[in-house]
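Letters go in sequence order (proteins before strands), and every chain restarts at 1.
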Amino acid sequence: MTKCKRMGEVPELPEVETVRRGLERLLGSTAVIRAIRLQRPDIRFPIPKELPRKLARQPVTGVRRRAKYLLIETPAGILLSHLGMTGTWRLVERGAEDKHDHCYLDLEDGRRFAFRDPRRFGIIDWIEAGGEAAHRRLKDLGPEPLGEAWTEDYLWRASRGRKVAVKVFVMNQKIIVGVGNIYASEALFRARIRPGRPSGRLTRAECGRLVLAVREVLSEAIAAGGSTISDFRHAGGSSGYFQNSFRVYDRGGEPCTACGAQLRAGALGGRSTFWCPRCQA
DNA sequence: CTTTGCACCTGTTGGC
DNA sequence: TGCCAACAGGTGCAAA
């Protein structure tokens, strides 16, 4: 299994939440958009052509997050962005343009934010005012892992009759949002459940442990990322030190921190997966 | 309906 | 030392 030592920089939900807080702080309650400049017509998907016209001269009324989507709100509608793998929002100076800057957000106060995404797995989209619930990228999303709907009972009922591996299941955004490849392995380790277990065979107690583990691992990562909010100006979405806390991710062959057994590496759903053969049943 | 597999994209890495 | 195939990730879609 190939290693990747820089996974802590891939924006999963905790990193997106850290970026949201950074944007919220920098935009404040008085920011007004002067203009949106698109440097290309698409990133991964086409960017709606009307987006610059809709957002010109709009005041920013809030910055929210749904799943891994950032939502910059204005009276006219919402600027939706997804960081993909390498996306960042950063405050930039004029003259510091980068070939990977796909969108510039110019404010009336002279500041400029750039959406920079070398790998172009990111998304920029437009949501007309009042159209959030019906928007194609949001309408089928499952509950937030830090919200009240993510419960043992919900996971128990949602998983009955499903044969797919539990790791693939919890990465399904229709079931539960915000659990990416890294935190899926981490949460299953904490819950002491093997990633390949069929979802429908989880016991009620295991569902309870997994719900708690997902909530805890994401909360702790957000707390760790929070310490880098002050660096947002320089670092954009590159946040947090939580990668130092990974218990199994990218540690195939190393001893388990809990029992010393050799950690296993494999693939599920085409994604790298790590677990302890002794701790996880 | 569920499940599986792959395309998308490009900077980084590891093997030769 | 230098080259190049393999790989990482989230999402969406086609096919089974």
(message) Without decimals, in angstroms, what is the distance between A:Asn181 CG and C:dC7 C1'?
(response) 13 Å
(message) So that I can tick it off, tell me whether A:Arg247 and A:Glu186 are bridged by a salt bridge, with the cut-off set at under 4.0 angstrom between side-chain N and carboxylate O.
(response) no
(request) Provide, to the nearest angstrom, the distance between the CG atom belonging to A:Asn172 and the C1' atom belonging to B:dC1. (result) 13 Å
(request) Rounded off to whole Å, could you give me the CZ-to-C1' distance for the A:Arg120 and B:dC8 pair? (result) 9 Å
(message) Just the rounded figure in Å: distance from C1' of C:dG10 to CD of A:Glu15.
(response) 13 Å
(message) Once ring-ring contact (aromatic ring centres under 6.0 Å, His included) is applied, what residue pairs with a partner in residues 41-75 of chain A remain, sequence neighbours excluded?
(response) A:Tyr69-A:His82
(message) Please list all pairs meeting side-chain hydrogen bond (donor to acceptor under 3.5 Å, both in side chains) that have one or both residues in residues 36-48 of chain A, counting only residues at least two apart or in different chains.
(response) A:Arg40-A:Asp42, A:Asp42-A:Arg120
(request) With sequence neighbours left out, write down each residue that passes side chain to side chain contact (heavy atoms under 4.5 Å, CB included) with A:Leu212, or none if nothing qualifies. (result) A:Arg215, A:Glu216
(message) From CD1 of A:Ile175 over to C1' of B:dC1, roughly how many Å is that when rounded to an integer?
(response) 13 Å
(request) Hey, could you give me each pair passing salt bridge (charged side-chain N to carboxylate O under 4.0 Å, His left out) that has a residue in residues 155-164 of chain A? Not counting sequence neighbours. (result) A:Asp153-A:Arg157
(message) Enumerate the ring-ring contact (aromatic ring centres under 6.0 Å, His included) contacts for residues 17-39 of chain A, please, sequence neighbours excluded, ordered by first and then second residue.
(response) none
Please produce a list of atom pairs where a protein N or O lies less than 3.5 Å from an N or O of nucleotides 11-14 of chain C.
{"unit_1": "C:dT11", "atom_1": "OP1", "unit_2": "A:His82", "atom_2": "NE2", "d": "2.6"}
{"unit_1": "C:dT11", "atom_1": "O2", "unit_2": "A:Arg44", "atom_2": "NH1", "d": "2.7"}
{"unit_1": "C:dT11", "atom_1": "O2", "unit_2": "A:Arg44", "atom_2": "NH2", "d": "2.9"}
{"unit_1": "C:dT11", "atom_1": "O4", "unit_2": "A:Arg271", "atom_2": "NH2", "d": "3.2"}
{"unit_1": "C:dG12", "atom_1": "OP1", "unit_2": "A:Arg137", "atom_2": "NH1", "d": "2.8"}

(request) Ignoring backbone atoms, test whether A:His100 places a side-chain nitrogen or oxygen under 4.0 Å from the OP1 or OP2 oxygen of B:dG11. (result) yes
Between protein and nucleotides 2-4 of chain B, what N or O pairs are separated by less than 3.5 Å?
{"unit_1": "B:dT3", "atom_1": "OP1", "unit_2": "A:Lys163", "atom_2": "N", "d": "2.4"}
{"unit_1": "B:dT3", "atom_1": "OP1", "unit_2": "A:Val164", "atom_2": "N", "d": "3.1"}
{"unit_1": "B:dT3", "atom_1": "OP2", "unit_2": "A:Arg162", "atom_2": "NE", "d": "2.5"}
{"unit_1": "B:dT3", "atom_1": "OP2", "unit_2": "A:Arg162", "atom_2": "NH2", "d": "2.8"}

Which atom pairs, donor and acceptor, lie under 3.5 Å between side-chain atoms of residues 47-54 of chain A and protein residues at least two apart or in another chain?
{"unit_1": "A:Lys54", "atom_1": "NZ", "unit_2": "A:Glu128", "atom_2": "OE1", "d": "3.3"}
{"unit_1": "A:Lys54", "atom_1": "NZ", "unit_2": "A:Glu128", "atom_2": "OE2", "d": "3.4"}

(request) Quantify the bending of the helix from B:dT2-C:dA16 to B:dC16-C:dG2 as the angle between its end axes, each fitted on five pairs, to 10°. (result) 50°
(request) Specify the separation, in whole Å, of atom CG of A:Asp98 and atom C1' of B:dT10. (result) 13 Å
(request) Check side-chain hydrogen bond (donor to acceptor under 3.5 Å, both in side chains) between A:Gln280 and all other residues, then give those that pass, not counting sequence neighbours. (result) none
(request) Take the protein atom CG of A:Asp117 and the nucleotide atom P of B:dT10, then report the distance between them rounded to whole Å. (result) 10 Å
(request) Just grab all the salt bridge (charged side-chain N to carboxylate O under 4.0 Å, His left out) pairs involving residues 63-76 of chain A, residues at least two apart or on different chains. (result) A:Glu17-A:Arg65, A:Arg64-A:Glu73, A:Arg64-A:Glu132, A:Arg65-A:Glu144, A:Arg66-A:Glu144
(request) Send over the distance from A:Ile43 CD1 to B:dA7 P, rounded to a whole Å. (result) 23 Å
(request) Only counting residues at least two apart or in another chain, list the ones meeting ring pair (Phe, Tyr, Trp, His ring centres under 6.0 Å) with A:Phe115. (result) A:Trp89
(message) Taking A:Leu23 as the starting point, is it possible to reach A:Leu107 by hopping between hydrophobic residues whose side chains are less than 4.5 Å apart?
(response) yes
(message) Using a heavy-atom cut-off of 4.0 Å across all strands, would you classify A:Gly270 as base, sugar-phosphate, or nothing?
(response) nothing
